[in-house]
Amino acid sequence: MGIRANGEIVRLDAKIFKPYLLTHPDHIQHVLRTNPQNYLRDSVFFRPLFRMFPQGILGESEENWDFSRRSIQPMFTARHVQVMMERLIELVNEGLDDAEEPARTGTPMAVRHLMGSVVNKAIVGLIFGDRIPRQKTDDLAVAADTIVKTMVPRMVTPFFPGWFPRPGDRGFRKAVALFDETMKPLARERDVVEGQADMLSLLIGTPQPDGSEPTDSWLRDNYVGMYTAATETTAIALTWLWPAVAAHPEVLARLKAEVWEVVGDGPVAVEHIRKLVYTRQVIDETLRWRPVVWLVTRGAEQDDVIGGVRIPKGADVIISQWVTHRSPLFWDRPDEFDPDRFAPDAPARNRYAYFPFGGGGHQCIGKELFLAEAVIVVASMLSRFDLVKIVPEDNFTPQLAATLRPKDEAYMTLKPRR
Ligand code: HEM
């Protein structure tokens, strides 16, 4: 199915759809960072997404993207994430309270469900300032799951026009309707709560480029976009992490030792986070080994040449974390889960051999938030609970959907430490 154009660039051949897959870090850097004006998001992966939030940060228009990005950015700088840290720790611990009873009774819990509900609670608290009730949050998590699955038939049939019906369209529309039901009333609420640092308060107070008030549809699109980008990615990344550490007892032992030494009997405090160096290595390696965002696509605006290969105007270009993060040209023993690749004294590597959050102007806005949240979740779990077992132990088969998710459900049994 592949026509080799030049080792590092492969022209995939699905008859009427022939995108270019770029695997070399230099070529990925060219597309994302050096020449991004020629590689726009209007392409195979993003078109099904545009239907969900046409005007916001994940929408089609470059102009709306630029304005949305500049409006939302202040909430996600490393400095602002630092400000949100205490609240984030509280929210994660409230989410983990749900694991107390099953842990006391030795009842196995679905890893994806537990991570999903902890993450949902934290994100809804931080981004939406608790304006979405708990029951609704759970329903939105189910709807987000449906969206990720029902996008696949559209992603694999990009040659049909947008209006052409695909399997899953009904489920997709129902899920989007639930988002509308929740987010549209929020977009009409214009009362900024004094002293609130959440995204809603920030965006409501942002005048549009012409000085007018933000429109309901712009607010709605950004609320839905941020919610879906923030929750699914974080929950799935943490779902991969637990079976990986459980299958590597030496990694789990080091992780526990670090958490117990830094955090003790807990709870995690803000000053612990930067000291949890090995915990962060485990998170970095999880994103290399099972990159939850496993591909990013772009559409070429004009003819270009990359690595001596002509990329014609209009071509779809695919770059894939799943492929490059596992290339033996850039990684020693790429299939092995080894957090020491990210040790502070590990040899330097090409910047774009590892790009779980993308790069250039579209680099993930939530990167710093995710990294803080993931350290807090892992450290809080291990300071509160012992991981007794995970079944099945080798739950590593991926399912390629809009994100890279585990194919099967894994169940974890915990025991309270305190
Ligand atoms: C494991 C966690 C995450 C991963 C792996 C991830 C990955 C990515 C990647 C690869 C991109 C770039 C897409 C492109 O180049 O077109 C991206 C963009 C984005 N991410 Fe994340 N993300 C994560 C968590 C988050 C969180 C927590 C948030 C929000 C709080 C978020 C919000 C966004 C947004 C809004 C964009 C679009 C940025 C733009 O186009 O300017 N992500 N993410």
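Only heavy atoms go into these numbers, but all of them, side chains included; no hydrogens, no water, no symmetry mates. As the structure lists them, so they are numbered: ligands from 1, and atoms in each ligand from 1. Starting from 1, each residue takes its place in the sequence as its number.
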Inset, instruction - Go through ligand 1 atom by atom and flag the ones less than 4.0 Å from a non-hydrogen atom of L58. - result: 37 (C)
Inset, instruction - Look at ligand 1 and say whether P356 reaches it with a heavy atom at a distance under 4.0 Å. - result: yes
Legend entry - Protein contact of atom 24 (C) of ligand 1 - nearest heavy atom, named by residue and atom, plus distance: T233 OG1, 3.3 Å
Inset, instruction - State if Q321 counts as touching ligand 1 under the rule of any non-hydrogen atom under 4.0 Å. - result: yes
Legend entry - Salt-bridge criterion met for D98 and R134 (N-O under 4.0 Å): yes
Legend entry - For V296, the ligand 1 atoms whose distance to one of its heavy atoms is below 4.0 Å: 14 (C), 15 (O), 16 (O)
Inset, instruction - Provide the number and element of each atom of ligand 1 under 4.0 Å from a heavy atom of V292. - result: 1 (C), 5 (C)
Legend entry - Protein contact of atom 11 (C) of ligand 1 - nearest heavy atom, named by residue and atom, plus distance: F357 O, 3.9 Å
Inset, instruction - Check whether the side chains of Q29 and R33 place a donor and an acceptor atom closer than 3.5 Å, and report yes or no. - result: no
Inset, instruction - Report, in ascending order of atom number, the atoms of ligand 1 lying under 4.0 Å from any heavy atom of M226. - result: 29 (C), 35 (C)
Inset, instruction - Please write down residue, atom name and distance for the protein heavy atom closest to atom 34 (C) of ligand 1. - result: I365 CG2, 3.8 Å
Inset, instruction - Would you mind checking which non-hydrogen protein atom is closest to atom 15 (O) of ligand 1, with the distance to 0.1 Å? - result: R298 NH2, 2.8 Å
Legend entry - Sidechain N-carboxylate O distance under 4.0 Å for D332, R349: no
Legend entry - Numbered atoms of ligand 1 (with element) below 4.0 Å of H362, judged on heavy atoms: 12 (C), 15 (O), 18 (C), 38 (C), 39 (C), 40 (O), 41 (O)
Inset, instruction - Could you verify whether a donor N or O on one side chain and an acceptor N or O on the other, from R298 and N38, lie under 3.5 Å apart? - result: no
Legend entry - R69, R70, E368: member with heavy atom nearest to atom 38 (C) of ligand 1: R69
Legend entry - Salt-bridge present (R220, D180; N to O < 4.0 Å): yes
Legend entry - E232 with R405: basic N within carboxylate O range, under 4.0 Å: yes
Legend entry - Closest protein heavy atom to atom 30 (C) of ligand 1, given as residue, atom name and distance to 0.1 Å: F76 CE2, 3.4 Å
Inset, instruction - State whether the shortest distance between N or O atoms of T234 and N or O atoms of ligand 1 falls below 3.5 angstrom. - result: no
Inset, instruction - Say whether S68 and W218, considering side chains only, have a donor N or O and an acceptor N or O under 3.5 Å apart. - result: yes
Inset, instruction - Could you tell me whether the side chains of Y227 and N120 share a donor-acceptor contact shorter than 3.5 Å? - result: yes
Legend entry - Test: R254 and D340 ion pair at under 4.0 Å: yes
Inset, instruction - Report, in ascending order of atom number, the atoms of ligand 1 lying under 4.0 Å from any heavy atom of L369. - result: 30 (C)
Legend entry - Side-chain donor-acceptor contact under 3.5 Å, H30 with D304: yes
Inset, instruction - Determine whether the side chains of S61 and Q55 contain a donor N or O and an acceptor N or O closer than 3.5 Å. - result: no
Inset, instruction - Under 4.0 Å from a heavy atom of R41: give me the atoms of ligand 1 that qualify, with their elements. - result: 16 (O), 39 (C), 40 (O)
Legend entry - Residues E285 and R341 bridged, charged N to O under 4.0 Å: yes
Inset, instruction - Answer with side chain, backbone, both or neither: which part of F355 has a heavy atom less than 4.0 angstrom from an atom of ligand 1? - result: neither
Inset, instruction - Quick one: look at K367 and ligand 1, take heavy-atom pairs under 4.0 Å, and tell me if it's side chain, backbone, both or neither. - result: neither
Inset, instruction - Enumerate the atoms of ligand 1 whose separation from the nearest heavy atom of A230 is less than 4.0 angstrom. - result: 26 (C), 27 (C), 28 (C), 29 (C), 30 (C)
Legend entry - Q363, any N or O under 3.5 Å of ligand 1 N or O: no
Legend entry - Identity and separation of the nearest protein heavy atom to atom 33 (C) of ligand 1: A229 CB, 3.7 Å
Legend entry - Under-4.0 Å salt bridge between E181 and K136: yes
Inset, instruction - Write out the residue and atom name of the closest protein heavy atom to atom 18 (C) of ligand 1, then the distance separating them to 0.1 Å. - result: C364 CA, 3.5 Å
